[in-house]
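Quantities reported herein were computed from a predicted structural model and do not represent experimental measurements. Just the heavy atoms: all of them, side chains too, but no hydrogens, waters or symmetry mates, feed the values below. Here is the naming used below: chain letters follow the sequence lines, and residue numbers restart at 1 for every chain.
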Number of protein chains: 2
Amino acid sequence: MAENLSRRDVIRLRKAMTSTQSDSFFYHLRNLLRAKLHFDTLLIMQFQKSGTPRLHNGWLRRTAALEGAMRQYLAGAYRLDPFYQYPAPPQDGAMYRLSEIAPDRFFTSEYYLRYYRKTQLCDEIGLLCPLENGSIAHLSLSRRAQAGPFKRKELQCLRHYSPLLLEMLRSHCNFRAQHMDQNAETPSRPLSQIIRTEAAETLGVKLTKRETQVAELVLQGHSNPSAALKLGMAYETAKVHRRNIYRKLGISSQGELFSLFKDVI
Amino acid sequence: MAENLSRRDVIRLRKAMTSTQSDSFFYHLRNLLRAKLHFDTLLIMQFQKSGTPRLHNGWLRRTAALEGAMRQYLAGAYRLDPFYQYPAPPQDGAMYRLSEIAPDRFFTSEYYLRYYRKTQLCDEIGLLCPLENGSIAHLSLSRRAQAGPFKRKELQCLRHYSPLLLEMLRSHCNFRAQHMDQNAETPSRPLSQIIRTEAAETLGVKLTKRETQVAELVLQGHSNPSAALKLGMAYETAKVHRRNIYRKLGISSQGELFSLFKDVI
DNA sequence: CACGTAATACCCCGATTGGGGTAGTTTTTG
DNA sequence: CAAAAACTACCCCAATCGGGGTATTACGTG
């Protein structure tokens with residue numbers, strides 16, 4: 001069974017666990033995981049409370065598309081990442097699969113089509129774990145299309161060891177946070193604020209609070225029903241808000257809404 | 001009335017008409033037109049039979065977005081330009097408005113949202129005129145959103161003088177063609193071929209003739225009914241082709257189709 | 001000739017979008 | 001307080017899309 005660790009695995013695990021407070025942790029972690037499953041990217045990031053995400057460690061199978069996407073991600077596209085916008089994980093952290101937590105229309109959203117799809121990644125597992133300072137540690141594993149989605153066994157294995165992984169992740173991120181220049185934190189404007197000010201300044205339009213929220217969810221890839229559910233309102237109400245947004249912005253389709261904000265995000 | 005030419009207009013007209021065989025034609029043409037209507041871009045191009053379009057003369061109101069879009073256009077996006085893909089104009093040439101000749105879903109198409117919309121252009125008038133060598137001369141006038149679409153009077157004026165403009169356009173393009181290095185013509189792969197080979201090579205999928213045609217029209221911004229009309233088939237048949245395309249390419253939405261080819265086009 | 005592929009046309013369905021309207025309640029603001 | 005703005009919920013509708021199916025008619029190539 002995948003859950004069983006060979007002697008070598010045990011050694012790898014020990015090396016990873018004992019190195020969380022050092023720079024070699026990522027190396028050992030990668031070795032550990034590589035022995036148990038196949039992945040094409042491995043990232044350790046930190047979602048900060050009011051700053052842009054930090055990439056602590058990253059390994060990508062060399063691809064121009066992947067590196068370009070990574071740059072765009074850190075530059076602002078992260079705001080539409082389902083893992084980034086996912087509500088705070090439980091105290092102990094948790095493991096999620098992209099397809100589980102993605103908004104219902106995420107895979108036809110502009111973010112997916114423009115940033116994600118061209119990386120050829122087809123599956124992603126994310127571990128999220130709250131840190132002491134209020135930020136969130138994020139471990140991401142993903143697979144390219146040619147390798148297919150994660151297999152059942154690989155998922156079982158990950159799920160089985162996710163408590164350990166989360167613990168290591170937390171420990172390592174706390175270590176990295178100490179050596180991080182707090183002041184170098186680039187402030188991150190939340191998506192809602194971007195929408196508001198962009199609409200106001202560029203288009204001279206004042207969006208109401210609810211309209212901004214609906215626009216935000218729509219940009220993240222929620223359908224009307226899904227956005228309504230998230231905001232605790234009736235489906236028709238979300239529709240009304242969207243209609244008002246379109247009217248105010250002088251557009252008439254979801255695609256135009258995306259194109260209005262894609263340069264800013 | 002807008003059709004009336006002042007004495008100064010007459011002088012401008014004469015200058016333009018007498019300079020079609022020289023490099024100063026564009027300058028005089030711009031002066032002539034500027035006196036009669038407002039525009040934010042003025043382009044003289046030549047759509048070649050089997051080469052990429054040539055930009056003979058171009059004037060853009062300085063905008064980073066405009067210049068970027070122009071580069072993308074010449075690099076390949078021209079293939080989705082409604083004027084470019086418009087069937088051959090009559091012998092004497094003709095004048096068209098973008099909204100008249102655009103595919104029904106053009107304004108929600110990827111081309112429009114990615115290339116056209118961000119230029120902030122909201123209206124475009126194109127004169128098309130066949131040349132001797134089989135290529136097509138194209139005069140384009142467009143307006144930015146802040147100026148609004150062309151006014152009725154401006155359109156009347158243009159329409160009234162379009163025979164003259166077309167004649168000048170033809171004359172000038174023939175002049176430019178003489179001084180053009182025939183061999184420098186960059187060969188242009190037609191869209192259909194790009195779709196075919198891209199699907200075959202990158203995705204290992206053989207699209208049939210009809211499927212390729214449907215994919216082409218969809219990428220250009222035609223809906224199923226519109227594509228069916230263009231291909232002389234029933235609406236349902238076009239739908240079947242599209243369904244087969246999706247199945248073969250392993251996708252499930254129009255957005256993914258766009259994203260598959262957007263890097264190639 | 002026969003068989004496979006391509007192409008055609010039609011049926012069904014559910015889901016979503018975009019746009020129109022009416023109406024009631026809550027909140028904000030002058 | 002009273003009016004305006006925001007929010008809510010529901011009604012209607014047409015259009016499109018994506019996916020399922022069946023069936024008939026070419027068209028070629030072996």
Side-chain angles (χ1 to χ4, degrees), chain A residues 103-110 113 192 195-196 199-200 205-260, chain B residues 103-110 113 192 195-196 199-200 205-260:
Chain A
D104 58 343
R105 293 186 50 103
F106 173 73
F107 295 97
T108 59
S109 76
E110 194 77 355
L113 294 173
S192 56
I195 294 172
R196 260 197 134 95
V205 166
K206 275 191 80 169
L207 293 181
T208 70
K209 183 183 155 202
R210 280 312 227 189
E211 286 165 353
T212 310
Q213 290 173 321
V214 169
E216 192 179 352
L217 290 172
V218 168
L219 289 174
Q220 286 170 355
H222 288 272
S223 67
N224 282 331
S226 172
L229 191 66
K230 271 240 166 194
L231 296 176
M233 58 175 62
Y235 147 72
E236 293 96 342
T237 308
K239 243 182 68 164
V240 170
H241 286 308
R242 194 193 279 217
R243 193 160 64 224
N244 291 336
I245 293 167
Y246 289 1
R247 204 156 28 83
K248 285 186 178 179
L249 297 178
I251 57 180
S252 61
S253 75
Q254 193 162 327
E256 286 179 275
L257 185 67
F258 281 118
S259 80
L260 274 184
Chain B
D104 58 343
R105 293 186 51 104
F106 173 73
F107 295 96
T108 59
S109 76
E110 194 76 355
L113 294 173
S192 56
I195 295 172
R196 261 199 132 93
V205 165
K206 275 191 80 169
L207 293 181
T208 69
K209 183 183 155 202
R210 279 317 226 187
E211 286 165 353
T212 310
Q213 290 174 322
V214 170
E216 193 179 351
L217 289 172
V218 168
L219 289 175
Q220 286 171 355
H222 289 272
S223 66
N224 282 331
S226 171
L229 192 66
K230 272 240 166 194
L231 296 176
M233 57 175 64
Y235 148 71
E236 293 95 343
T237 308
K239 239 180 73 163
V240 169
H241 286 307
R242 194 193 278 216
R243 192 159 67 224
N244 290 336
I245 293 167
Y246 288 2
R247 208 156 25 85
K248 285 186 178 180
L249 297 179
I251 58 180
S252 61
S253 76
Q254 194 163 325
E256 286 179 274
L257 185 66
F258 280 118
S259 81
L260 274 184

Value in whole Å for how far the [atom2] atom of [N] lies from [atom1] of [X]:
X        : N      : atom1 : atom2 : result
B:Glu256 : D:dC17 : CD    : P     : 15 Å
A:Lys206 : D:dC7  : NZ    : P     : 11 Å
B:Arg210 : C:dA9  : CZ    : P     : 9 Å
B:Arg105 : D:dA15 : CZ    : P     : 14 Å
B:Leu249 : D:dG19 : CG    : C1'   : 16 Å
B:Phe107 : C:dT17 : CZ    : P     : 23 Å
A:Asn224 : D:dA9  : CG    : P     : 14 Å
A:Glu211 : D:dC7  : CD    : P     : 6 Å

(message) What's the separation between atom CG in B:Leu219 and atom OG in B:Ser192, rounded to the nearest 0.5 Å?
(response) 11.0 Å
(message) Nearest 0.5 Å, please: how far is CD1 in A:Ile251 from CG in A:Leu260?
(response) 5.0 Å
(request) Side-chain contact test, heavy atoms from C-beta onward, threshold under 4.5 Å: evaluate it for A:Val205 versus A:Leu207 and give yes or no. (result) yes
(request) Taking the side chain as every heavy atom from C-beta outward, state whether A:Ile245 and A:Leu249 have any pair of such atoms under 4.5 Å apart. (result) yes
(message) Check the phosphate of C:dT17 against A:Ser253, side-chain N and O only, distance under 4.0 Å to OP1 or OP2. Yes or no?
(response) no
(message) At under 4.0 Å between heavy atoms, how does the protein contact nucleotides 25-30 of chain D? Give one character per nucleotide, 5' to 3', with B, S or -.
(response) ------
(message) For nucleotides 24-30 of chain C, give me one character per nucleotide, 5' to 3': B if any protein heavy atom sits under 4.0 Å from the base, S if the only such contacts are to the sugar-phosphate, - if neither.
(response) -------
Mind checking side chain to side chain contact (heavy atoms under 4.5 Å, CB included) for [X] and listing every partner two or more places apart, or none if nothing turns up?
X        : value
A:Ala234 : A:Glu236, A:Thr237
B:Thr108 : A:Ser253, B:Arg105
B:Ser252 : B:Glu256
A:Pro103 : A:Pro82, A:Gln85, A:Phe106, A:His222

(message) Go through it in stages, so that I can follow the logic: the residues are B:Gln213 and B:His241, the test is side chain to side chain contact (heavy atoms under 4.5 Å, CB included), and I'd like the CA-CA distance, side-chain angles, deciding distance and then a yes or no.
(response) CA-CA 9 Å; B:Gln213 290 174 322; B:His241 286 307; over 6 Å; no
Holding to side chain to side chain donor-acceptor pair (under 3.5 Å), I want the full list of residues that pass it with [X], two or more places apart in sequence or in another chain.
X        : value
B:Ser223 : B:Asp104
B:Arg242 : B:Asn224, B:Tyr246, B:Gln254
B:Arg247 : B:Asn244

(message) Give me each pair satisfying salt bridge (Lys or Arg N to Asp or Glu O under 4.0 Å) with a member in residues 207-235 of chain B, each pair once, sequence neighbours excluded.
(response) B:Glu211-B:Lys248
(message) Ignoring hydrogens, what is the shortest heavy-atom contact between B:Ala238 and B:Ala228? Give both atom names and the distance.
(response) CB-CB, 3.8 Å
(message) Using five base pairs at each end to define the local axes, how bent is the helix from C:dC1-D:dG30 to C:dG30-D:dC1, to the nearest 10°?
(response) 30°
(message) Near DNA chain C, counting only heavy atoms under 4.0 Å, which residues of residues 233-247 of chain A show up?
(response) A:Tyr235, A:Lys239, A:Arg242, A:Arg243, A:Tyr246
